[in-house]
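To start, the structure itself, in structure tokens.
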Number of protein chains: 2
Amino acid sequence: MGRPRGFDEAEVVRAAAALFAGRTYDGVSVDDLVTHLGVHRNSLYKTFGSKRGLYLAALRWYLEHEVHPLVASLGRAGDPVRAARLASEAGAGLDFLLLATVERAPVDAEVAAEVTSALHAVDGALGAVLHAGPDNGRRADDGGASSALATAFTAALLGLRLRAKAGGPDTGPDRAGAALAQRLDSTLSR
Amino acid sequence: MGRPRGFDEAEVVRAAAALFAGRTYDGVSVDDLVTHLGVHRNSLYKTFGSKRGLYLAALRWYLEHEVHPLVASLGRAGDPVRAARLASEAGAGLDFLLLATVERAPVDAEVAAEVTSALHAVDGALGAVLHAGPDNGRRADDGGASSALATAFTAALLGLRLRAKAGGPDTGPDRAGAALAQRLDSTLSR
DNA sequence: AGCATTCAGGAACGGACGTTCTTGACTGAC
DNA sequence: GTCAGTCAAGAACGTCCGTTCCTGAATGCT
């Protein structure tokens, strides 16, 4: 019953994620969304309820379709240097997570929950990479210090992307990530 | 000539910095500023020209009076572990820098210039700390790898504060920073 | 004392915001 | 073929935004 919708909801959510990754939540107006998404105001509110509803949908789509695959490949990286290179190659693929963490998570509990969950996933992948050198399995228990190290590694990779956004392309976040990863490599240090 | 102003400009700028550190640029309205700063609309525009003018003044005041002292103490920290502890103790003292970097620098060239300058200052302080163990001076030339490492260390400390803002106070950014700093300490690794 | 200047207070501006409403065209089920 | 239901299109809503203007009162200088 009724006329079928003339837009692809998944495509709309994907395009919304692209917009929200590039500008602040307040910096993206509903007019912007209507214009760039090809969906009409009415349908937007019918489908997502509000601007925030669309934002949450876009965030979840992004985490599932962009961050999750990256986390999976990080877990398969084998060593920290390769993991850092993967994160560096992701480039703007982390911008939405960065923006959501710094500007929305502090004022939106649902965003905070999604974001912390995603960050913990990254922690897990990087922790596995930090533990396992190519020669052995898990190291002796260190009282959680290595998971703390994974937290710091995640923070560093996000922070490097942050710096890449602020400074021009001249800053060398790639080399910085590589230098850090080399230091963290369990097969070299200790 | 004329009636003297009834507010302390430095105090106004300081209070503005506190507001901008807690919310997005768009999230702080001129009404908020007028209400919390005790200065009237007219005086605000007479003194700072615009909301952006006040924002820039607040950012510069903050960088000079909060970040710069922190950078100086970081440079005097002696070793990375103590530097990480100092950054951790700074707590919300880095939030304005974080917010400015991620949300304003990409769309405001003057903000970007201030921010990158401040970040480079942090790099310098951390680089000095990474180079110099308690036993020796500068290490042999490594082709700039250690300055890249300093960049990554800065990114990590900022990223940890980012995580502290998003997740509750339960996340342990302090331990993560300590774990990272210990790994980076030139007197222990290598 | 008189005047020029700057202040505080607050109303008012045009525009943009997120959201809702009205209208008419289209489609699927009966 | 009819009708209920959903769609697209866009006007319109009230609110808040950053900014400007108007009105007196207060001050320093001559």
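In what follows, chains are A, B, ... by sequence order, proteins preceding strands, each numbered from 1. Since the structure is predicted, the reported quantities are computational estimates derived from the model, not experimental observations.
In this model, a donor atom of one side chain and an acceptor atom of the other lie less than 3.5 Å apart for A/D32 and A/S29.
Between B/E110 and B/L56 there is a side-chain heavy-atom pair separated by less than 4.5 Å.
When rounded to the nearest whole Å, the span between NE2 of A/H40 and P of C/dT22 equals 16 Å. Regarding B/L44, its CG atom lies at a distance of 14 Å from the C1' atom of D/dC17, rounded to whole Å.
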List, one per line, each side-chain donor-acceptor pair under 3.5 Å for residues 37-47 of chain B, sequence neighbours excluded.
from	atom 1	to	atom 2	distance (Å)
B/R41	NH1	B/D31	OD1	2.7
B/R41	NH2	B/D31	OD1	2.6
B/T47	OG1	B/S43	O	2.6

Contacts table for residues 11-18 of chain A: side-chain donor-acceptor under 3.5 angstrom, sequence neighbours left out:
none

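Taking CZ of A/F96 as the start and OG1 of A/T101 as the end, the distance is 10.0 Å to the nearest 0.5 Å.
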_Letter per nucleotide, 5' to 3', of nucleotides 15-21 of chain C [B base touched, S only sugar-phosphate touched, - untouched; heavy atoms, 4.0 Å]_ = --SSBBB
